[in-house]
Peer 1: 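The structure under discussion is supplied below as structure tokens; questions concerning it will follow.
Since the model is a prediction, treat every value here as computed from it, not as a measurement. In what follows, chains carry the letters A, B, and so on, assigned in the order in which the sequence lines appear, proteins first and then strands, with residues in each chain numbered from 1.
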Amino acid sequence: MAASDLPHDTALEHLRIIRTLMERANIYRAVSATAALCGGVLGLGVAAWGLMMPPSPQMFLAAWIGVLCLSGLANLFLLMRESQDKGQPFITDGLRMALRAVVPPLLTGGVVGVCLIVFRQQMELASLIWILCYGLALQGTVSFAPRSIIHLARAFLIAGQILTVLWLWKGWPDMISPPVAVASLYMGGTFGLFHIVYGVAVFLSQPKELVTSHS
Amino acid sequence: MIDFSQLDRVIHEKSRLSIMTLLASRSPWSFQELKTELSMSDGNLITHLRTLTKEGYVRELKTTAGDSGRPMTQYEITGAGNSAFRAYVKVLEAIVQQSRPK
């Protein structure tokens with residue numbers, strides 16, 4: 001096609017391609033879908049155990065630290081394997097940006113939550129703070145994250161806020177006791193269920209083909 | 001008035017435009033990474049990369065993968081490529097602006 005015949009629609013279409021590809025080039029998925037699924041299933045299992053056989057605060061803490069470590073290691077391993085498959089280095093600008101965004105809220109939530117359980121036996125409040133800080137950590141990555149992570153961040157933040165209001169206002173769910181069972185319900189409903197939904201949604205969504213190649 | 005002759009015919013082809021866009025967003029990209037992102041065949045991608053390299057818009061880098069030490073080919077945009085890409089986008093924007101109803 002001669003340049004002088006370039007219609008308005010073609011120019012618009014080319015600009016759209018440029019914009020979409022530029023956005024995709026800078027996208028970084030900090031949470032692997034497979035790791036999220038495994039972590040979600042593990043989280044649901046631990047939450048069910050906490051609901052049916054309420055453990056001591058120390059056991060509750062140890063169990064959830066175990067879930068965090070196993071899911072974190074699985075996530076790290078899967079992100080490394082993905083980089084290898086793509087032939088790109090593991091330490092990229094995307095990973096650095098993601099770490100800068102998620103480490104401060106995760107560290108804050110971790111320290112405050114552990115202190116609440118160890119020194120005050122406040123499992124419900126600790127779990128609510130973990131939910132909110134995890135949501136904030138994910139929210140910090142939205143400028144370069146895929147849409148699914150943005151939805152996950154919103155789900156954690158909205159659920160964390162609603163549960164905090166309900167717990168402080170009505171002591172919800174008041175039919176469940178002891179506090180460790182309530183905390184297990186909060187953790188299972190968010191860290192367990194939300195991660196499973198996220199993992200399944202990512203697997204079900206097919207990447208849209210943008211370019212039809214022709215030489 | 002837009003000078004349409006400024007529109008770069010090398011970049012204007014859709015596949016090459018996609019390659020140039022990715023390389024202008026961040027560099028370098030490995031061959032495998034470009035292939036995955038653009039869903040292009042090996043032959044197709046290499047043909048377009050050769051055209052862009054010949055034009056001086058793209059540079060080939062031979063490196064080794066960090067862990068395995070296997071040879072890897074990466075591509076990055078050159079200064080000339082960056083200027084040509086920016087000029088191409090400007091012309092596209094001018095076309096859209098000019099034909100926008102007032």
Peer 1: Which value, rounded to the nearest 0.5 Å, describes the distance between A/Leu21 atom CG and B/Met20 atom CE?
Peer 2: 13.0 Å
Peer 1: Who are the salt bridge (Lys or Arg N to Asp or Glu O under 4.0 Å) partners of B/Glu93, not counting sequence neighbours?
Peer 2: none
Peer 1: My understanding is that only residues two or more places apart in sequence, or in another chain, count here; which of them pass salt bridge (Lys or Arg N to Asp or Glu O under 4.0 Å) with A/Arg154?
Peer 2: none
Peer 1: Do you know which of B/Ser25, B/Pro28, B/Gly43 has the most heavy-atom pairs under 4.5 Å to chain A?
Peer 2: B/Ser25
Peer 1: At what distance, to the nearest 0.5 angstrom, does CE of A/Met22 lie from CZ of B/Arg26?
Peer 2: 12.0 Å
Peer 1: What distance do A/Arg16 atom CZ and B/Leu92 atom CG have between them, rounded to the nearest 0.5 Å?
Peer 2: 13.0 Å
Peer 1: Counting heavy-atom pairs closer than 4.5 Å to chain A, which one of B/Leu22, B/Leu17, B/Val89 comes out on top?
Peer 2: B/Leu17
Peer 1: Give the minimum heavy-atom separation between A/His14 and B/His12, together with the two atoms involved.
Peer 2: CE1-O, 3.0 Å
Peer 1: Return the minimal non-hydrogen interatomic distance between A/His8 and B/Val96, and the atom names on each side.
Peer 2: CD2-CA, 3.8 Å
